[in-house]
Every structure is written in C-alpha cells, then in structure tokens.
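Letters go in sequence order (proteins before strands), and every chain restarts at 1.
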Amino acid sequence: LPGGVGAYRFNYDVFAFESFENEIVALNLVDGIYYAFGGSAVIAWPYIVGQHSESVIACALAARYGMAADALGRDLSEFVGRLIDEKILLPASATNSGIDLLQLGSLPEYQGFSFERHADMEDLLTLDPIHDVDPRKGWPTT
Amino acid sequence: MADDMIAIASSLPRDRVADDGMIAAPADLVAHLAHVVQTRDASDCASHVAQLGPLRMRLTLHGAADAPEIFDALPSAGRAARPKQVLRRERRDEFVINVIDGRRCSVARPRLKWRASDFGLKRLVPGWSDKEHTTYFLRGESGLAVADWKSNRAYVWLPSIDTMAACDRAAPFRWIIDGLAQRRGLTTVHGAVIGEGGIGVLIVGEGGRGKSTLALAAIAAGMQYLADDYCLIGAQPPYPAYRLFNTAKVRIESEVVVSWIAGLDHTIEPRAGGKRIFNLAHHAPRTLVDRLEICALLLPEFTYGALSVIERVSSSEAFRRAAPSTVVQCEASEAQAAADVGRLTRALPSYRIRIPRDPGLSIDRIRYLIHAPRPSAKGASR
C-alpha cells in the first residue's frame with residue numbers, strides 16, 4: 001500500500017496548530033519551536049490529524065491529483081515521518097471512515113509536502129529543568 | 001527548620017499537616033499563607049489597587065510599608081465616585097494578591113512536599129496546580145506563590161522584596177495576571193500597542209525587532225501608548241487591548257535610539273543584553289491609555305534603508321511572529337493563548353513594517369494605517 005497503513009493523532013499535550021489558507025503552523029507549547037507545513041500538506045492535514053491511515057490519504061489525494069499513488073505515498077510517508085520524529089504526531093488506531101473525494105474538490109497542481117522548523121525562541125527559554133528536591137528542606141535544588 | 005514546622009502546625013488543622021510538618025497540597029498552602037496574612041500587623045503594609053482593563057487587583061505588601069514602589073508599574077484604579085452597586089460588583093470581582101516579605105515579616109519559607117517531576121520549565125508548577133489552584137515556583141527570587149481562583153486570592157511568599165529583579169518590577173506578577181486574564185476571557189499577548197482616537201495597532205515579534213522603539217516613537221509623535229511589551233487582548237470583536245504596565249523597556253545596545261528618552265530617570269536590568277526601564281506614568285502620563293481597539297497587526301523589523309516601508313503579509317506569517325513568543329512567556333494555558341492569537345491573526349489584517357534609523361518615519365505610516373479604510377484579514381498571500 002502506498003504511504004503505509006499507520007494512522008496518527010495530533011499530540012495536543014505538547015503542541016497546538018492553526019490552519020491557514022496557505023499553510024499549517026504547529027507550535028510547541030513548551031519551548032516555542034514552531035513548524036510550517038505547506039503545499040499539499042495543507043490539503044492532507046485534516047485527514048492526517050483525523051486519524052486516517054497514510055494509505056487512505058495517499059490514494060485519495062493521488063486520485064484527485066491524477067497521479068500515481070506510489071509517488072505521492074512516498075512523499076506523504078516522509079512528511080509524516082518528520083512529524084513523528086518531532087513528536088507532533090503519535091501513533092493511533094485508524095478511523096474507519098473513508099475520504100470523500102468530492103469533498104477534496106478540485107485541487108491545484110501537486111506541490112509536494114513542505115516542512116519548515118523554526119527555533120527562534122530558544123533564547124527565551126534558557127532555564128534548566130528542576131532535577132531534584134531536597135526532601136528535608138521541602139524545596140527544589142536549583 | 002523548626003520555625004517552619006511551628007508556623008505550619010499553628011496555621012493548619014492537624015489532619016492537613018504531614019507527619020514531617022510539610023505542606024502536602026495547594027489548598028493547604030493557601031490556608032497556611034492566609035493564616036500568616038491574617039495574623040500580621042496591618043500597619044506594616046503597603047497597598048495598591050490596580051485596574052488592568054476589566055481586571056481589578058488589590059495588592060498588599062506585608063512587612064514592607066516602606067517599599068510601595070514595587071507597585072509603581074501597575075496602573076492605578078481611578079478614585080472617582082461610583083454608585084454603590086458598581087462598588088459592590090468591583091469588590092466581588094476584585095482579585096486580591098498578598099505579598100509576604102519573609103525576612104521583614106519573620107515568616108520562614110514554607111516546606112512543601114513537592115517532587116522534581118511536579119515542575120515545568122516556567123514558574124507554573126504543573127504538579128501542584130489544578131482547576132482551582134495554580135502554584136508558582138519563583139526561581140529567580142527563590143520564592144513561591146499560590147493562586148486560589150475560587151476565592152479570587154493569591155499569596156506570594158518572597159524571602160525578601162529586595163529579591164525581585166528589575167525586569168519583574170517592570171511587569172510585576174505577570175504570571176498571576178496570565179492565569180486571571182484567561183479565566184476572565186482575555187489573553188496576555190507579547191506585543192506593543194499604540195494608537196490614536198481609541199483605535200490601535202498591535203506590534204508583535206520577538207525581542208529586538210523594534211516593538212519598544214515604535215511605541216516610544218509614537219509617544220514623541222503625540223500618539224496614544226498602551227504597551228511596549230505585554231498587553232491584555234480580548235480575542236473577540238472589537239478586539240480590545242488593555243494596558244497592563246506603566247513601563248517601557250529599551251535595550252541598552254539598541255541601534256535605533258528614540259531621542260526623547262535620553263536623560264530620563266530609569267532603572268537598569270543588570271544582565272548581558274539588558275534593558276533600560278522607564279516608568280511612563282512619570283515621564284509621559286498624558287499619552288498613557290487604558291484601552292484601544294486593535295485594527296491591525298504590525299510585524300516590525302529594522303532596515304538600513306532611509307524609508308519606512310509597510311506591506312501586507314498573510315495571517316499565517318503574523319501568527320508565526322506573534323504566537324511563539326506569547327506562548328513561551330505564557331504562565332497559564334499555552335494552548336488557549338495560541339488559539340487566541342490564531343483568532344486575532346485570522347480576523348485582522350497584518351503588515352510588515354520596516355523601521356529606518358529615524359523611527360518617526362514609521363509613525364506616519366502607522367497613523368495612515370489607523371485612519372485608512374479597514375481591509376479584512378484575507379487577501380494577502382505569502
């Protein structure tokens with residue numbers, strides 16, 4: 001199957017995302033690192049976080065773009081792999097519902113899945129985690 | 001150590017004190033510090049009532065009546081006569097913060113039964129916070145605080161008020177304000193706000209981009225000033241912004257200098273890349289406003305060019321610039337803050353503004369933007 005059979009859920013414990021017309025921006029709520037996903041990722045995003053399996057998404061998008069599912073599946077797998085590496089996605093069981101091709105409408109030309117990572121905020125969070133608490137003093141050791 | 005145990009044992013019922021005399025839950029920490037406050041000498045206090053938009057806060061500093069300047073950065077509530085029912089409502093909604101100076105009050109540091117896994121990277125201690133309470137560990141001061149949202153009260157214990165750093169005095173108790181604001185439908189946003197005629201622009205971006213420069217240049221041009229770093233925002237129409245602090249902070253090494261601040265009294269944030277902190281309630285009181293309605297977002301950046309250029313940018317670019325620094329500094333629900341910034345950037349048009357060496361040139365552009373017909377957020381492409 002193109003794109004693999006895995007399905008994933010968005011890691012809401014650590015991240016938030018906002019969907020815009022031209023890109024998806026995901027934000028790490030702990031350290032402020034943010035990610036921008038563009039191109040066909042904007043089309044695929046609701047289905048990825050909606051726990052559709054990669055193969056279902058790849059087949060639906062490929063049909064709509066009129067291209068080979070294998071090629072699109074490889075791109076999708078690579079994109080999803082990066083999201084998993086960053087822990088933006090966590091493994092989950094796939095939903096049974098399919099993807100309504102009509103709902104996808106007519107898509108612009110296939111643009112691939114773009115992935116950007118930005119760590120501009122690192123300077124703002126320079127604190128070390130608390131590693132220890134002195135049980136006698138009832139106070140963290142900093 | 002013995003002092004701690006005596007203080008706790010006398011302030012809490014026996015069944016709420018662990019065998020080792022330590023406090024085991026946020027509610028017990030509230031009870032302990034409330035007892036400390038109730039038994040304090042009321043004559044040795046400094047008090048202040050702050051009005052931060054719709055948020056009214058009554059702050060009392062215990063044991064340091066001689067140090068009321070820690071409240072200087074907070075806008076004062078007006079003293080105009082008001083009908084009794086308004087006063088009653090204000091009193092009911094008022095949030096009370098009691099600050100205990102441990103050294104001056106001879107109140108030892110409470111001993112808490114917390115574990116390393118309770119802490120996060122910020123002041124908020126997730127393992128000691130729930131729906132009704134938020135506990136804060138004040139790393140810089142080696143102090144703690146606990147907010148009891150149900151009773152509208154918070155208690156702050158500091159080893160001494162002197163441990164409060166200059167940057168915290170410029171934005172005192174912002175971490176509590178973050179939590180209170182979200183519970184009242186508002187969000188603290190990392191941004192500057194300036195305006196004219198009650199309409200303003202929200203200037204967003206990480207430190208060093210020019211927020212303070214534009215805000216101070218706006219004062220020189222006779223515009224209204226609401227914030228240079230943090231403000232409260234209502235993320236629903238008409239998108240009001242409210243003033244949180246009277247202060248402005250300017251990087252000591254800032255390349256673009258706003259001339260009118262030269263020679264003014266200020267304090268210095270003593271660290272590398274530090275800032276000069278000005279109290280505008282003293283230096284420019286007539287320009288300070290409590291509320292402006294936001295009509296647009298601005299993303300500033302310095303330019304070596306001679307002209308100030310302003311150009312439309314997409315909602316997503318505005319979100320990228322506004323959300324991360326707001327979220328990283330948020331001491332409440334970061335997800336809520338991100339969602340509110342998302343709503344704001346989608347609803348309002350955003351512009352990149354390039355600030356030349358004479359920042360006054362950018363102010364003319366901003367004025368034009370404020371008074372021009374309003375476009376919607378849509379229509380810009382990246």
Side-chain angles (χ1 to χ4, degrees), chain A residues 9-39 41-43 45-46 49 86 88 108 111 114-142, chain B residues 1 4 8 18 20-24 109-123 125 137 139-140 142 144 190 205-208 273 314-321 323-330 333-339 341-343 345-346 377-382:
Chain A
R9 65 181 174 86
F10 186 76
N11 183 1
Y12 283 103
D13 288 342
V14 181
F15 293 89
F17 74 84
E18 290 288 327
S19 304
F20 296 95
E21 207 171 318
N22 55 341
E23 67 179 3
I24 308 293
V25 181
L27 178 60
N28 185 316
L29 299 171
V30 179
D31 58 21
I33 290 175
Y34 62 98
Y35 307 81
F37 316 132
V42 179
I43 311 292
W45 184 257
V49 298
E86 298 287 338
I88 297 168
Q111 297 165 298
S114 74
F115 177 102
E116 293 174 23
R117 182 181 190 275
H118 299 272
D120 310 351
M121 295 296 117
E122 276 177 336
D123 289 350
L124 280 175
L125 265 187
T126 52
L127 297 175
D128 286 331
I130 302 286
H131 294 294
D132 207 5
V133 173
D134 183 333
R136 202 173 49 87
K137 293 182 179 168
W139 203 253
T141 312
T142 52
Chain B
M1 196 62 57
D4 294 346
I8 293 163
D20 51 9
M22 292 167 83
I23 294 173
R109 183 172 70 193
R111 294 167 59 220
L112 274 59
K113 234 179 170 51
W114 49 20
R115 301 157 301 172
S117 58
D118 291 331
F119 295 88
L121 283 174
K122 302 181 189 173
R123 294 178 180 87
V125 184
F137 172 53
R139 202 185 289 235
S142 197
L144 61 75
H190 181 225
E206 64 270 36
S314 67
S315 301
S316 64
E317 186 163 349
F319 181 79
R320 287 171 178 224
R321 287 282 289 277
S325 64
T326 291
V327 160
V328 162
Q329 297 180 75
C330 174
S333 162
E334 292 96 346
Q336 182 61 52
V341 173
R343 202 170 295 125
T345 52
R346 252 193 293 271
K378 290 184 178 171
S381 57
R382 282 191 69 214

**OP:** Mind ranking B:C330, B:G120, B:S142 by heavy-atom pairs under 4.5 Å with chain A and telling me who comes out on top?
**Re:** B:S142

Original post:
Top residue by heavy-atom pair count (under 4.5 Å) with chain A, among B:S117, B:G342, B:A116?
Top reply: B:A116

**OP:** Flag the one option from A:L29, A:V133, A:D134 with the top tally of heavy-atom pairs under 4.5 Å to chain B.
**Re:** A:L29

Original post:
Which of the residues A:V25, A:N28, A:D132 is involved in the greatest number of heavy-atom pairs with chain B at under 4.5 angstrom?
Top reply: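 Maximum pair count with chain B is reached by A:V25.
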
Original post:
Relative to chain A, which segment of B:A339 carries a heavy atom at a distance below 4.5 Å: side chain, backbone, both, or neither?
Top reply: both

**OP:** Identify which part of B:S333 has an atom lying under 4.5 Å from any heavy atom of chain A, answering side chain, backbone, both or neither.
**Re:** neither

Subject >> With sequence neighbours excluded, residues passing side-chain contact (heavy atoms from CB on, under 4.5 Å) with A:V49 >> reply: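 Only A:F10, A:F17, A:W45, A:L89 meet the side-chain contact (heavy atoms from CB on, under 4.5 Å) criterion with A:V49.
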
Original post:
Which atoms of A:L27 come close to chain B, meaning under 4.5 Å heavy atom to heavy atom: side chain ones, backbone ones, both, or neither?
Top reply: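 Answer is side chain: those atoms of A:L27 sit under 4.5 Å from chain B.
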
Subject >> Which portion of A:T141 sits near chain B, non-hydrogen atoms under 4.5 angstrom >> reply: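 For A:T141, there is no contact with chain B at all, as no heavy atom is under 4.5 Å.
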
Subject >> Ionic contact status for A:E18 with B:R320, cut-off 4.0 Å >> reply: no

Subject >> Nearest atoms (heavy-atom pairs only) where A:E23 meets A:V42 >> reply: CA-CG2, 3.5 Å

Original post:
Are B:R109 and A:W139 in a cation-pi contact, defined as NZ or CZ under 6.0 Å from the six-membered ring centre and within 45° of the axis?
Top reply: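 Yes.
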
Subject >> Counterpart residues, salt bridge (charged side-chain N to carboxylate O under 4.0 Å, His left out), relative to B:R115 (two or more places apart) >> reply: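 Salt bridge (charged side-chain N to carboxylate O under 4.0 Å, His left out) list for B:R115, sorted by chain: B:D118.
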
Original post:
Between B:F319 and A:F20, what is the ring plane arrangement, given parallel below 30°, perpendicular above 60°, and tilted in between?
Top reply: tilted

